[in-house]
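Structure first, commentary second.
Start at 1 and go down the list; that is how both ligands and their atoms are numbered. These numbers come from a predicted model, not from an experiment.
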Amino acid sequence: MRVELAEVFGFCPGVRRAVEMVERYLAENGRLSTLGAIVHNAQVVEELAQKGARVVESLAEVRDGAVAITAHGAGPEVFQEIQRRGLFLVDTTCPIVRRAQEAAREFAEEGFFVLIYGEEAHPEVRGLLSWTRGHGKATLNPSEVQEIEGERLALISQTTKGRAEFWSFVANVVARLGSRLREVRALDTTCPETGRRYQAVQNLAEKVEALVVVGSRNSANTRKLAEVARHTGLPTFHIERAEELRPEWFHGISRVGVTAGASTPDHLVAEVVARLEKLGGDS
Ligand code: SF4
């Protein structure tokens, strides 16, 4: 079976940078704790664990040594607590997330109520919300925005949301709140990397008969990528590792496309490609 790769797939620059920073620290110092998984990918977490990284859910679990903040970033109270506990900080916050955090902080300091287009429970969004210091809210649903504090509204986005979705959310919220607003500012803080991966899978769909999306089921960006792949109308298989591939999925198929979420390492994709090539199919 012929395997085609998407033009852009796998680790985005922010995740690659985070993993490299942690690996570099581990190579020099032997161990560190990461506040949450550094990447939403079980295999990568396992590989880092073997090199000395321990995932913790709270700073209370870290008695000494170093702690890494993930590419999703964290709120100001987390940085203060790290300092208070005398821990060494390895801050892998993605520069694009950092810009969104700065926007959240600056808008709030200027007296705007900050509305974040994003999933409230997502670690990046929880961090963004913290930077508003209580003057913000996160939602994906414009109808949940009945009223805001004051008359000045600023809107930003979770970085992994689509640009078009964000602007439609902005338009919807502004239409709902209408005359209650005196001033509105909206800043597109979405990350172009996510859109590039979606576009690449759509381009790939024109050349193949089925799509395989590689990445963790608990990774929001991989799940969304799989959704975009399914929307192309082609049979789509979301798998975490090569062993999950079933020969019967590819009966009658001679060309298959492969892509991977932003938290999927290159070697997992290479294993999937190698297995697909061996599976055969129709050619
Ligand atoms: S998807 Fe974009 S914002 Fe998120 S970590 Fe990657 S580069 Fe940074």
Judged by modelled atom types alone, do Glu47 and His267 share a side-chain donor-acceptor pair under 3.5 Å? yes

Test: Glu61 and Arg85 ion pair at under 4.0 Å: no

Verify the ring-centre separation between Phe113 and Phe107: is it less than 6.0 angstrom? no

Can we say Lys161 and Glu119 salt-bridge, meaning some charged N sits less than 4.0 Å from an Asp/Glu carboxylate O? yes

Under-2.8 Å protein N/O/S neighbours of atom 6 (Fe) of ligand 1, ordered by chain then residue number: Cys12 SG

Going by an N to O cut-off under 4.0 Å, is there a salt bridge joining Arg180 and Glu151? no

Charged N-O contact under 4.0 Å between Glu277 and Arg275: no

